[in-house]
Amino acid sequence: MTELPVADDILAAAARIAGHASVTPVLQSRALDAMAGCSISFKAEHLQRGGAFKFRGACNAVWSLSGAVAARGVVTHSSGNHGAALALAARSRGIPCHVVVPDGAVAAKLANIQRHGATLWRCDATQAAREAMCAQVQESTGASLVHPYADARVIAGQGTATLELVGQAGTPDVMVVPVGGGGLASGTALALATVAPACRLVLAEPAGAADTARSLAAGERRVDFVPDTVCDGLRGALGAPNFALLRAWGAEVVVVDDEATVAAMRLAWQVLKQVIEPSSAIALAAVLARPALFSGQRVGVVLSGGNVDLEALPWLG
């Protein structure tokens, strides 16, 4: 599914996943507020089932399927968090799950996928290789593809995190989320259009994979790049429906270098006392890097995931 979701899809997703996804807490820190010069509400999606926001979209997609279609299973390609989320969602429905995993995926994320019972399929670390292997698995198993970020059901599911945040902490002036393929980012845009139309959306993107910044500046997708970033969850190319939603919303992008992201990850561990991964910490890094964008405002930040390889912490390398 690659059509654009609409506002009603976000509300339907929230109802559909209510019995399966966790309502994650909102965290605050006076120390971080003082450092950033604004009031930050952190939506703790690293405490979501599967350790990342990805369970929302995967769960919505899996439970949207008819019984006959679901019985044939689901397939996706993923560097880790979406694969684990889809495996967990599939297990909640008792259906098979296949995950195509690129070489170089984080060990902790692979362990999550396997823990939830998915069948792993290995491929080279290129988008073309991922898609080719997915097509092969689809053909041999009859499984339904659940794309990590360009599936309308996935986008709608990811947007429910922002719906919850607004209900828990009120409407922020600015929402800040990481962007890679764009599932969370475009879902957030759609959620804001539904419940907080005056809220600005700022996307945090790694300098070594800044295709969203280039695409929005050019007015068309510019996704021919080789990612080079510690943010393994943000290496995917921006999807077409995701680009359309972000462009329509007028999303802004803050490009962050890996050094600042790793510093923010460590800061979150030290001050907020939360284990988050680089692909999540980049949102805090963006707020700290551009204080003039956020000064004196109420800022919502989605802490997107916490699946960290504790044997390979980035500040120990």
Side-chain angles (χ1 to χ4, degrees), residues 1-6 9-10 13 52-58 60-61 64 74-83 85-86 99-102 123 125-135 138 144-162 177-193 201-206 208-227 229 231-253 255 279 282 302 304-305:
M1 293 180 66
T2 56
E3 70 271 17
L4 295 181
V6 297
D9 293 326
I10 295 268
F53 75 94
K54 298 274 191 175
F55 182 70
R56 295 176 178 273
N60 188 50
S64 295
V74 289
V75 61
T76 195
H77 57 80
S78 170
S79 62
N81 281 344
H82 174 69
L86 189 64
V99 180
V100 174
V101 179
C123 72
T126 66
Q127 193 71 17
R130 290 182 181 204
E131 293 173 358
M133 181 63 76
C134 265
Q138 275 186 277
S144 296
L145 176 66
V146 179
H147 193 278
Y149 48 82
D151 188 303
R153 302 161 301 186
V154 169
I155 294 170
Q158 316 306 30
T160 63
T162 293
V177 300
V179 63
L184 175 62
S186 55
T188 301
L190 195 60
L192 292 178
L201 175 58
V202 173
L203 311 177
E205 185 169 46
D211 58 307
T212 300
R214 288 192 297 270
S215 297
L216 290 175
E220 62 182 13
R221 288 172 71 231
R222 298 284 179 86
V223 295
D224 184 15
F225 71 103
V226 178
T229 175
C231 301
D232 64 284
L234 305 181
R235 293 172 184 162
L238 180 67
N242 314 92
F243 170 72
L245 287 166
L246 294 173
R247 186 183 183 197
W249 184 254
E252 307 166 56
V253 184
V255 175
S279 299
I282 193 172
V302 176
S304 55

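Computed from heavy atoms alone, side chains included, the values below leave out hydrogens, waters and symmetry copies.
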Using atom types as modelled and distance alone, determine if a side-chain donor or acceptor of Ser215 lies under 3.5 Å from a backbone N or O of Arg222.
-> yes
Taking atom CZ of Arg247 and atom CG of Leu238, what is their separation to the nearest 0.5 Å?
-> 12.0 Å
What distance do His77 atom NE2 and Cys123 atom SG have between them, rounded to the nearest 0.5 Å?
-> 8.5 Å
What closest approach, in Å, do Ala185 and Val177 show between heavy atoms, and which atom pair accounts for it?
-> CA-CG2, 3.9 Å
Distance-only, no hydrogens or angles: does the Asp211 side chain make a donor-acceptor pair with backbone N or O of Ala237 under 3.5 Å?
-> no
In terms of heavy-atom contacts, Ala204 and Ile282 come closest through CB-O, 3.5 Å
Arg235 side chain to Gly180 backbone, donor-acceptor under 3.5 Å | no
What's the shortest heavy-atom distance between Ala251 and Leu216, and which atoms?
-> O-CD1, 3.8 Å
So, for Val154 and Ala61, which heavy atoms are closest and what is the spacing to 0.1 Å?
-> CG2-CB, 4.3 Å
Taking the side chain as C-beta and beyond, is there a heavy-atom pair between Leu245 and Pro5 under 4.5 Å?
-> yes
Evaluate the side-chain proximity of Gln158 to Lys54: yes if any heavy-atom separation is below 4.5 Å, no if none is.
-> yes
How many angstroms lie between CG in Asp9 and CG in Leu190, if you round to the nearest 0.5 Å?
-> 7.5 Å
With distance as the sole test, does Glu205 use its side chain to make a donor-acceptor pair with the main-chain N or O of Thr212 at under 3.5 Å?
-> yes
Heavy-atom closest pair, residues Leu234 and Pro206 | CD1-CD, 3.8 Å
Where the side chain of Thr76 meets the backbone of Val146, is there a donor-acceptor pair that is under 3.5 Å apart?
-> yes
Can you tell me if Asn242 uses its side chain to pair, donor with acceptor, with the backbone of Tyr149 under 3.5 Å?
-> yes
Please check if the side chain of Arg153 supplies one atom and the backbone of Gly57 the other of a donor-acceptor pair under 3.5 Å.
-> no
Steps toward side chain to side chain contact (heavy atoms under 4.5 Å, CB included) verdict (Val75, Ser144) | CA-CA 6 Å; Val75 61; Ser144 296; over 6 Å; no
Point-to-point distance, once rounded to the nearest 0.5 Å, from OG1 of Thr188 to CD1 of Ile155 = 11.0 Å
When rounded to the nearest 0.5 angstrom, what is the spacing between CG in Asp232 and OG in Ser279?
-> 5.0 Å
Pro178 side chain near Leu203 side chain, heavy-atom distance below 4.5 Å | no
Where Asn81 and Ser78 come nearest, the two heavy atoms and their spacing | N-OG, 3.9 Å
May I ask you to test the Val253-Val202 pair for a side-chain heavy-atom distance under 4.5 Å?
-> no
